[in-house]
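Atoms within a ligand are numbered from 1 in the order they appear, just like the ligands themselves.
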Amino acid sequence: MLSQWVQSLQQAVRDRKARSPLTTEVPTLTIEQAYEIQSAGMEIALGAKDSLCGYKMGLTSRAKQRDVNVYEPIRGYLLSSMEIQKGDAVVRDRWIHPRVEPELAVVLKSPLGEGATLRDVIRSLEFAGPALEILDSRYENFSFSLPDVIADNTSAAGFIVGRTNWIDRLNEIGRFGVSIRKNGAVERTGAPAAVLGDPLLSVVGLARALGREGKRIEAGMVVLTGGITASIAFEKGDLIESLWPGEDLSFRVV
Ligand code: 0L1
Ligand code: MG
């Protein structure tokens with residue numbers, strides 16, 4: 001019964017054409033059903049030879065929650081096909097109406113799941129550094145309710161991870177400033193502490209949520225901890241720059 005909604009969201013990705021929120025047709029859609037739709041979408045991608053390379057948390061900062069008027073942290077999956085290498089051009093026409101936001105990315109050296117604690121996350125850290133997430137809601141005008149955005153894999157579309165590793169500066173990471181410029185003008189500023197007060201708590205929440213489903217964050221997977229600021233729309237020709245301590249993570253849109 002849910003499969004038609006899975007197909008419809010996949011179709012929106014393929015056609016690069018936004019649709020109305022699922023809840024306009026299924027007002028009773030539950031959070032559990034929305035995660036089922038998300039998982040079924042992932043299985044289709046994996047069956048089409050893509051691979052799971054990590055997970056993302058979303059709506060973990062007030063700035064992001066206000067941006068889309070949804071006030072609940074959510075989680076989604078990251079596919080290898082979504083990763084863009086630093087320095088590569090970003091092709092606007094891959095997506096419907098893309099936006100970008102700064103995030104702290106984390107990679108663990110040992111798996112974490114059910115019952116994970118902040119101390120476990122700190123002990124397991126291999127990498128904590130700058131990243132950009134590209135979002136592309138499959139809904140018109142990025143307008144959706146909580147079950148809609150969960151079913152749509154939390155608008156996941158792309159991501160770029162930087163090279164700077166801050167694991168020796170864990171006490172400071174929350175206060176690291178990031179600014180995002182579009183075509184030279186500063187559009188957003190923020191700091192990772194905007195994410196739940198400590199973005200590593202986002203990793204704890206993700207590990208526990210996956211654990212409840214018998215899954216884990218595997219070693220080597222990328223975890224995006226959630227947007228620090230509201231996202232910014234971009235178009236062909238734009239230059240997006242994110243300035244972090246020790247690294248500029250930027251791209252030109254072609
Ligand atoms: O932080 C996030 O990645 C939230 C994604 C879902 C909402 C949106 O499309 O901005
Ligand atoms: Mg995000």
Side-chain angles (χ1 to χ4, degrees), residues 9 12-13 16 18-23 29 31 34-35 37-38 41-42 53-79 82-84 90 94-107 128-162 178 180 187-188 190-206 209 217 221-234 240 242 244 249 251:
L9 287 167
V13 173
R16 297 182 193 94
R19 52 152 293 142
S20 55
L22 301 185
T23 51
L29 190 70
I31 305 296
Y35 276 113
I37 293 173
Q38 184 190 112
M42 182 179 85
C53 71
Y55 293 101
K56 59 166 283 190
M57 289 292 283
L59 307 181
T60 48
S61 67
R62 294 303 277 178
K64 276 296 310 180
Q65 293 176 345
R66 276 190 220 107
D67 191 26
V68 295
N69 201 28
V70 178
Y71 291 84
E72 207 54 60
I74 53 180
R75 63 182 191 283
Y77 58 87
L78 299 174
L79 298 169
M82 294 177 185
E83 183 160 13
I84 298 165
V90 166
R94 275 181 71 178
W95 303 295
I96 306 166
H97 42 194
R99 298 180 177 184
V100 61
E101 61 192 21
E103 306 216 4
L104 183 83
V106 161
V107 178
L132 289 172
E133 181 179 22
I134 295 173
L135 298 168
D136 193 36
S137 175
R138 271 55 69 167
Y139 303 120
E140 290 146 358
N141 306 314
F142 271 80
S143 176
F144 41 69
S145 63
L146 180 61
D148 293 310
V149 67
I150 291 170
D152 186 27
N153 191 24
T154 68
S155 311
F159 64 96
I160 308 172
V161 179
V178 54
I180 306 283
E187 297 271 354
R188 303 278 188 271
V195 172
L196 301 175
D198 177 346
L200 297 185
L201 290 173
S202 183
V203 185
V204 175
L206 173 67
I217 305 171
M221 281 184 160
V222 175
V223 175
L224 297 179
T225 54
I228 293 168
T229 69
S231 58
I232 306 172
F234 61 81
I240 302 291
S242 66
W244 303 79
L249 198 52
F251 60 85

Interatomic distance, Glu133 atom CD to Thr154 atom OG1 [nearest 0.5 angstrom]: 6.5 Å
Return the CD to CG distance between Glu103 and Leu224, rounded to the nearest 0.5 Å. 5.0 Å
Test of understanding: given a 4.0 Å heavy-atom threshold, classify the contact between Val70 and ligand 1 as side chain, backbone, both, or neither.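 None of Val70 does.
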Given that the side chain starts at C-beta and the backbone is N, CA, C, O, which of these parts of Glu133 lies under 4.0 Å from ligand 1, counting heavy atoms, or is it both or neither? side chain
What about Ser231: any of its N or O atoms under 3.5 Å from an N or O on ligand 1?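 N/O-N/O distance under 3.5 Å: no.
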Side chain or backbone, does Ser155 bring an N or O within less than 3.5 Å of an N or O on ligand 1? yes
Check whether any side-chain N or O of Glu101 sits under 3.5 Å from a backbone N or O of Ala230 as a donor-acceptor pair, and report yes or no. no
Asp148 side-chain N/O to Leu22 backbone N/O, donor-acceptor pair under 3.5 Å: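 Such a contact is found between Asp148 side chain and Leu22 backbone.
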Tell me, which protein residue and heavy-atom name are nearest atom 5 (C) of ligand 1, and how many Å apart are they? Thr154 O, 3.2 Å
Quick one: nearest non-hydrogen protein atom to atom 7 (C) of ligand 1, plus distance? Phe144 CZ, 3.7 Å
Identify, by atom number and element, the atoms of ligand 1 in contact range of [X], meaning under 4.0 Å from any of its heavy atoms.
X: Phe142; value: 9 (O)
X: Lys64; value: 1 (O), 2 (C), 4 (C), 8 (C), 10 (O)
X: Leu59; value: 1 (O), 2 (C), 4 (C), 7 (C)
X: Lys56; value: 2 (C), 3 (O), 5 (C)
X: Gly58; value: 1 (O), 2 (C), 3 (O), 4 (C)
X: Gly227; value: 1 (O)
X: Val68; value: 8 (C), 10 (O)

Would you please classify the geometry between the Phe142 ring and the His97 ring as parallel, tilted or perpendicular, with 30° and 60° separating the classes?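 Ring orientation, 0 to 90° scale: tilted.
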If you check every N/O/S atom of Glu103, which is the one nearest the Mg ion (ligand 2)?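 The nearest such atom is OE2.
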So which N/O/S atom does Glu133 have closest to the Mg ion (ligand 2)? OE1
With side chain to side chain contact (heavy atoms under 4.5 Å, CB included) as the test, pick out the partner of Ile74 among Ile31, Thr60, Asn153, Val149.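 Answer after filtering Ile31, Thr60, Asn153, Val149: Val149.
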Distance-only polar pair, side chains of Ser155 and Asp136, donor-acceptor under 3.5 Å: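 Looking only at side-chain atoms, Asp136 and Ser155 do not form any donor-acceptor pair under 3.5 Å.
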Run the side-chain hydrogen bond (donor to acceptor under 3.5 Å, both in side chains) test against Ser202 and tell me which residues pass, sequence neighbours left out.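 Here no residue qualifies.
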Checking Arg19 against Tyr139: charged group under 6.0 Å from the ring centre and within 45 degrees of the axis?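 No - Arg19 does not lie over the ring of Tyr139 by the 6.0 Å and 45° rule.
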Can you confirm if the NZ or CZ of Arg138 lies within 45° of the ring axis of Phe144 and under 6.0 Å from the centre of its six-membered ring?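 No, a cation-pi geometry is absent between Arg138 and Phe144.
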contact_flag Glu101 ligand 1 heavy-atom lt 4.0 Å: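 Yes.
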